[in-house]
Every structure is written in structure tokens, then in C-alpha cells.
Amino acid sequence: MHDLKWIREQPDTFDAAMARRGLAPQSPRLLELDRERRRLHQDLQEMQTRRNEASKEIGQQMKAGEQDAAGRAKQEVADLKRRMGEVEAREQQLQGELDDLLAGLPNALADDVPDGEDDGDNVLVRSWGTPHTPDPAKQHFELGEATGEMDFELAAKLSGSRFVVMKGEVARLHRALGQFMVDLQSNAHGYQEVNPPVLLRDDALYGTGQLPKFGDDLFRTTNGFWLSPTAEVPLTNLMADEIVAEGDLPIRYTALTLCFRAEAGAAGKDTRGMLRQHQFEKCEMVSIAHPDTSWDELERMVGCAEAVLQKLELPYRVVTLCSGDTGAAARKTYDLEVWLPGQGLYREISSCSNTGDYQARRMKARYRPAEGKGTRFVHTLNGSGIAVGRALIAVLENHQQPDGSVRIPEALRPYMGGRETILAGGTPA
RNA sequence: GGAGAGGUGGCCGAGCGGUCGAAGGCGCCGCCCUGCUAAGGCGGUGUGCCCUGAAUUGGGCACCGUGGGUUCGAAUCCCACCCUCUCCGCCA
């Protein structure tokens, strides 16, 4: 959601920002609606003022027994009310139109976001670790299916495509990864652990920007709940309609939750294996930040996500998403891409964004400045810290041994009952 | 799912047709008093929008769960919806 005052004051800047998103100039129509709406609003206010005055007069006249005067005043208010009804209906219509337009517009990109079409134009920031390709370099599903502990056919029986059944050591590894991540983000990085609902109401999805435009990507229950596509939604919406003290910022939350995505636009993409599932686990980080420090907070958050990959000994690189690849709610996004030797590619495993006040405006999340009056919108950030299913893939593929077994990285062993290796000799646990 | 109660300002809690943006208390902020502390005194303390302005200036409008309605006038009356709580049922 954009600030109408900003659009009024700097329509050219605003249109330039929308142009980077591939949109035609929006300000002429918005400002036309805004002008007309405000004109009607002023008329309405004047009529309301007069009505309030007249009603007071009527009260006094009735008390004083001046029936005639009271009758005349009542007539005046009756006329006024008829006109007010018309003006009010028109104003509401314009307001609705304006809200709909504004709600559908993407966030303005940060100045340092590179221009580009798609993920091919993303810009490398740094990389960590040395990608190596074991021989043989099996894909994760080959490793998992070899012992029967990762089973897609079994999952298809229950739920169709884009689901998996994990068993034994693979299931244990998956659980270990999730625990490890949420422990790291909460204990070491200061994010408060939260266990939120993942069945959500319309308002929550609207607040973070999935609605009204991207409902197709989501699952919905028959009684109107949305299945959370990421804990970003419940965690960020904890701040909806709240006003916090300036000194309370930043507020940092983390949660390990299931995520559900319809993957409507991904037909035929990544159909093999666990890379793209309708249901997956993710450790999410959300920061509620002061506007002055939200860019620093973004860098910090990326570091918190990177820490996971470093401790898991997984080579990765950090890229800045280009204009065409940056999500609608974000001002700027860093992706972490982990090396997957089975595919011989870097693949996204975390995405960290600063949305500025875009989501905060939608959900009315504010803080009270220590100095001065009024309230200001907070900035909200979200990042994966990190996707559990994809981390599982990365661990299997990067730490696979020639015999098909997989070495457990040091940091994970406490969560694996001390085990150093799994899938040894193709023997199920 | 059945029966009942209720949704008012940061919190508690009055108000039940006009003078209510809303008593009172708590909390918070400022000042005063008390040679410390506690107690006490005075004042202030919601949000959004519109007009105006150099301004944290002046003025106005709206908001007492949400949306409608009745009325000259609604926090107060009526209707619908949402939510919360209690008991019963079911259940991890």
C-alpha cells in the first residue's frame, strides 16, 4: 500500500517507481479519484457540521417549547440528510475504487535494486564455500529412494504429485534440520520463537500482500480459511493494528511451520524430488524494524540465514534479485542459493526481503516516536532461515559419499543422536 | 454442534436517546511540595482524515467490535454479521 500523500506530492517519482515494475503511469487516475473524493468529503463535512448544529438547536427549541422553530429546523435537516446520502454514497464508491487500485500495486523498489527481466539478471553479491561435485553426483531423490526412506509413489497414493513420504533416517534428518534452525535463530540470533496458527483469515493475507492479487497460489479450506504459504504471514500480522513504543524496536520473531502452496504457476517445473512441494516446512524470520535502520536489519537477517548454511557446511551464494524477479511486496530481496551437486546448479534456499512500510500500511502496524507526536509506520522484513526441505536436499547431495551414504555435518549431530552417517549401505534404520 | 454472557480509550470500568470523545480509577508524562524514600497537590495524556498554516498553528469531521436501520439527534433503541468468554457435547 502506498502513501497517497507521497503520490500527490511526487507523482512523477511514483510513476517512475511503478515503471520499474513494468506498469504504465498510475498517478493520473489515482490523483483524479483522490481529488474528487476529497472534494466530496469536504462537502459532506460541511453538511455534517450544519446538521450537528441544527440538531442541537432543535433540542433547545423543544425544551423551550418553540415547536414552530423546531419544525423548520427538522425540515432543514431532512433536506440535508437526503443530499448527504447521495454525496456519501458517491464518496464511498470513489474510496472503494481508490483502495482497490492502491491495494493491487506493487511496492516501490529500492534504488540499488538492479534492473532486469528475470532470475537471469540477478546480481551476485558474494559466495561462500567451494562447490564440489562428488563422483558419482546423485540427486537427493536417488539417494533417498535407494533405501526407501524417501517415497514419492507412496505420497502420490495419499495426496498426488508434489508430496513426499519420508521415513526413518531421512525423516529424522528432516526433523533435526528444523529443530537446529529454529534453535539457532532463537537462541543465537535473538528471534523470539513463535508457534502461530497456519490457518488464516482474509485480513492476514491482505496485510502481507498475498491478497487480493495472488490468491491463486494459496490453498483455501471450505469454510474460508487460507493455508499459510509462509510463516511470514502470521508472524508479520502479529503487529496488525498494533502501536508499539519506539524503544521496543526491533521486534524479531522466528517460527518453524508447515507451509502450503498451490504452485499454480509452476506446472511441469521441478516435478521430480522434493524441491517444489505443496507442503513443506520452513523456519522463518520476521523483523519489525525502525524505518531508519531497516536496511541494516536486512543485512543482519541475511547473515542469520547464511549462518545456517555455513554450519551445515553447504556452499552457497548471495544474489540481489533484479527488478523483474523481486516480489510485489518487497523493496529489495536477497536470495540465498545453495549448491546442489546432483543438479549441478545453485538453487534458491532462502529469500530475505525488506518491505519497508508497504505491509505495515496495509495492516496498520505502527510505533510511537519517543519525540514528537503521532505515530509512524514500522518497517517489516521477512526471510527464510531456512527452507527445511531444500536444506535436506542440500545436505544429502553435498555430503553424499561414493557408497551412497551421507555424512552428517558436525552441527547437526546433537540433533541426530550423535550419528555421523546415515543411509549407510542402503540399509533402512 | 447446543445453551448462556459479553465486546467502550494503554489497562480496568461507568454511561443505556441530546450538554459524551466519552465519568471514575490505574498506568504514563510534566510541574509543585516533602532535606532521601513513600505519601500528597496541580496540569496533561486515543486514532484517522479534511481544510488552514512557518508550526507539535487554528478550525472541522469521523471513530464506543463490523455493517445496515430508526430518529431532528445513537456508545445508548432495532436488525444482521464477526469475535471473545462460560457451561454442555465432541475431541488431539
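Convention: sequence-line order gives letters A, B, ...; per-chain numbering from 1.
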Below 4.0 angstrom, N of the basic side chain to O of the carboxylate: do Glu263(A) and Arg261(A) qualify?
-> no
Answer whether the closest heavy-atom distance between the side chains of Pro229(A) and Phe260(A) falls below 4.5 Å.
-> no
Pair assignment for U84(B), Watson-Crick or G-U wobble, requiring both distances under 3.5 Å = A5(B)
If you measure from the C1' atom in G21(B) to the same atom in G46(B), how many Å do you get, rounded?
-> 9 Å
Once you apply the 3.5 Å cut-off to both distances, tell me the Watson-Crick or G-U wobble partner of G18(B), or none.
-> C72(B)
Between Asp296(A) and Arg300(A), is there a side-chain N and carboxylate O pair less than 4.0 Å apart?
-> no
Pro409(A) versus Val395(A): any side-chain heavy-atom pair under 4.5 Å?
-> yes
Opposite nucleotide pairing with C28(B), Watson-Crick or G-U, both atom distances under 3.5 Å = G44(B)
Between Ile58(A) and Ile243(A), which has a closest nucleotide on RNA chain B that is more 5'?
-> Ile243(A)
When we call it a touch if two heavy atoms are under 4.0 Å apart, what does Arg201(A) touch: a base, just sugar-phosphate, or nothing?
-> sugar-phosphate
Salt bridge flag under 4.0 Å for residues Arg50(A) and Glu57(A) | yes
With a 4.5 Å limit on heavy-atom distance, are the side chains of Met301(A) and Glu297(A) in contact?
-> no
Any strand, both distances under 3.5 Å, Watson-Crick or G-U wobble: C64(B) pairs with none
Distance between C1' atoms of U57(B) and C50(B) (Å, rounded) | 16 Å
For the pair Asp202(A) and Arg220(A), find out whether any cationic side-chain nitrogen is under 4.0 Å from an anionic carboxylate oxygen.
-> yes
Pair Asp151(A) + Lys167(A), salt bridge at N-O below 4.0 Å | no
Roughly how far apart, to the nearest Å, are C12(B) and G68(B) at atom P?
-> 28 Å
With sugar-phosphate meaning primed atoms plus P, OP1 and OP2, does Arg39(A) contact a base, only sugar-phosphate, or nothing at under 4.0 Å between heavy atoms?
-> nothing
Using a heavy-atom cut-off of under 4.0 Å over every strand shown, decide if Arg8(A) touches base, sugar-phosphate, or nothing.
-> sugar-phosphate
P atoms of U47(B) and A22(B), separation to the nearest Å | 15 Å
Across all strands, who's sitting opposite G53(B) as a Watson-Crick or G-U wobble pair, both distances under 3.5 Å?
-> none
If the P atom of C29(B) is compared with that of A39(B), how far apart are they to the nearest Å?
-> 14 Å
Taking any strand in view, what nucleotide pairs with C91(B) in a Watson-Crick or G-U wobble way, both distances under 3.5 Å?
-> none
Applying a 3.5 Å limit to both distances, which nucleotide forms a Watson-Crick or G-U wobble pair with A23(B)?
-> none
Salt bridge flag under 4.0 Å for residues Lys364(A) and Glu242(A) = no
So the contacted stretch of RNA chain B, first to last nucleotide with an atom under 4.0 Å from a non-hydrogen atom of chain A, runs from G18(B) to C83(B)
Over all heavy atoms of both residues, which pair between Glu313(A) and Glu410(A) is shortest? Give the atoms and the distance, please.
-> OE2-N, 3.6 Å
For RNA chain B, whose closest nucleotide is more 5', that of Thr375(A) or that of Glu46(A)?
-> Thr375(A)
For atom P, what is the distance between U84(B) and G27(B), given to the nearest Å?
-> 31 Å
RNA chain B-proximal residues of residues 71-81 of chain A, any heavy atom under 4.0 Å | Lys74(A), Val77(A), Lys81(A)
Between Glu169(A) and Arg172(A), does at least one N-O distance fall below 4.0 Å, as a salt bridge requires?
-> no
Go ahead and name the base partner of C36(B); Watson-Crick or wobble counts if both distances stay under 3.5 Å, otherwise write none.
-> none
Write down the distance separating the C1' atoms in U45(B) and G25(B), rounded off to the nearest Å.
-> 15 Å
Distance, C1' atom - from C64(B) to C77(B), rounded to whole angstrom | 16 Å
